[in-house]
2 protein chains.
Amino acid sequence: MIPRKSKYAIQALKSLAKVYPEKGRLAIAFIADQERIPKKFLEAILLQLRNVGIVGSKMGPAGGYYLLKSPDDIALSDIIRATGGPIALLPCVSLNFYEACEDCPSEELCGLHEVLEEVREASVRILAKTSLTDLIKRESKLLKLSQSTDN
Amino acid sequence: MIPRKSKYAIQALKSLAKVYPEKGRLAIAFIADQERIPKKFLEAILLQLRNVGIVGSKMGPAGGYYLLKSPDDIALSDIIRATGGPIALLPCVSLNFYEACEDCPSEELCGLHEVLEEVREASVRILAKTSLTDLIKRESKLLKLSQSTDN
DNA sequence: CATATATTCTACTTATACGATAGGATAACA
DNA sequence: TGTTATCCTATCGTATAAGTAGAATATATG
């Protein structure tokens, strides 16, 4: 499970991606309202995303946050990792949050380790190839589909 | 991330699989010692596995736990789920621990939902096709490999 | 039947992380 | 200079994970 923080981050960045690059800037309060994210919590999240170079910010009136890279180049895996969400199922197979099992005599001889590495690779493969732009495209497809099919 | 409980469960069942079906029975204390799992904690875990029908138990001297099914038919996904470990990255894409996002207007229109479903499917595909027997086979392969290569 | 052995069951503890909030400091624009 | 927005540090409650304690129950064996 990834923390809610990661989910909020993806939602917020999706909002920013939709106005990229013109205008580009959105205020915390605006995003919080639009995406139904607690404002103060979102503030902390955006700060974190700024510290890893995903977004930039401007203070003062007409200030706000904006993407520092094209939404084509921001993958879900980047966002999840930046917000502390491990993708792996155990710390011992995590690339970014690695921690050895205290009780494990040898990682190289552990069958579970090997299997969970495969799981992680499969997960990362999907998350790393899905960009913010892809997310948005998916949603417009889903919307069209639901409109044509019925309601 | 799956809880440590799930990892312990897999280790314990691996021990039981190795003595299946002859003898078949192992005491908590024995498994705890062999796998370096806190005894009282393992006790709770095995009880849980018994309640979902993965293992059976016998009280008294020469008692202990044993597999109720062939280790060929016990998949890692079964064990993880039985011990409360969600495989999905968000509750809204979990098959066994489903919970809707409070802030989500429509799951069917959510791009993230769609992507994370793919991730879950990929993960489950691997975990469901890996049995205890497979785990053990993998480990003996890894052992042989490490012995022939060098140390 | 008594005793030793092992599981069963309930309850508790402790630590940590998640999710969220408060409030003042700082920067920028008009 | 006032207003708007981010910046920053500190705090807090709650849930869950991880592990512990101890008595009750069942069963083999002498």
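Treat the numbers as computed from the prediction; the structure is a model and nothing was measured. Labels below follow one simple rule: chain letters A, B, ... track the order of the sequence lines, proteins then strands, and each chain is numbered from 1.
- Separating the CD1 atom of Ile28(A) from the C1' atom of dT21(C) is a distance of 14 Å, rounded to the nearest angstrom.
- Nucleic acid contact for Arg25(B): none, since no nucleic acid atom lies under 4.0 Å from a heavy atom of the residue.
- In this entry the distance linking CE of Met59(B) with C1' of dT7(C) reads 4 Å, nearest Å.
- Rounded to whole Å, atom P of dA6(C) lies 17 Å from atom CG of Leu47(B).
- What you find for Ser15(A) and Gln34(A) is that their closest heavy atoms are OG-NE2, 2.7 Å.
- Between Ser57(B) and dT8(C) there is a side-chain N or O to OP1 or OP2 distance below 4.0 Å.
- The phosphate of dA18(D) (OP1 or OP2) has no side-chain N or O of Lys40(B) nearer than 4.0 angstrom.
- In this structure, Leu26(A) atom CG and dT4(D) atom P are separated by 18 Å, rounded to whole Å.
- Here the nucleotide nearest the side chain of Pro38(B), chosen from dG22(D), dG19(C), dG19(D), is dG19(D).
- Taking the side chain as every heavy atom from C-beta outward, Glu108(A) and Leu142(B) never approach each other to under 4.5 Å.
- When side chains are defined from C-beta on, Leu46(A) does not count as touching Ser57(A), because their heavy atoms never get closer than 4.5 Å.
- Note: CZ (Phe41(B)) to P (dT16(D)) measures 15 Å, nearest angstrom.
- Between Asp134(B) and Val115(A) there is no side-chain heavy-atom pair separated by less than 4.5 Å.
- Leu46(A) comes within contact range of no nucleotide atom at all, as no heavy-atom separation falls under 4.0 Å.
- Rounded to whole Å, the distance from CZ on Arg50(A) to P on dA5(D) is 18 Å.
- What separates NZ of Lys58(B) from C1' of dT27(D) is a distance of 7 Å, to the nearest Å.
- Contact annotation for Tyr8(A): backbone-only contact, meaning every heavy-atom pair under 4.0 Å involves sugar-phosphate atoms and none involves a base.
- Looking only at side-chain heavy atoms (C-beta outward), Leu116(A) and Ile126(B) stay at 4.5 Å or farther from each other.
- Heavy-atom distances to DNA chain D give each of Ala29(A) and Pro61(B) a nearest nucleotide, and the one nearer the 5′ end belongs to Ala29(A).
- What separates CD1 of Ile45(B) from C1' of dT20(D) is a distance of 14 Å, to the nearest Å.
- At a threshold of 4.0 angstrom between heavy atoms, the contacts of Lys39(A) with the nucleic acid are absent.
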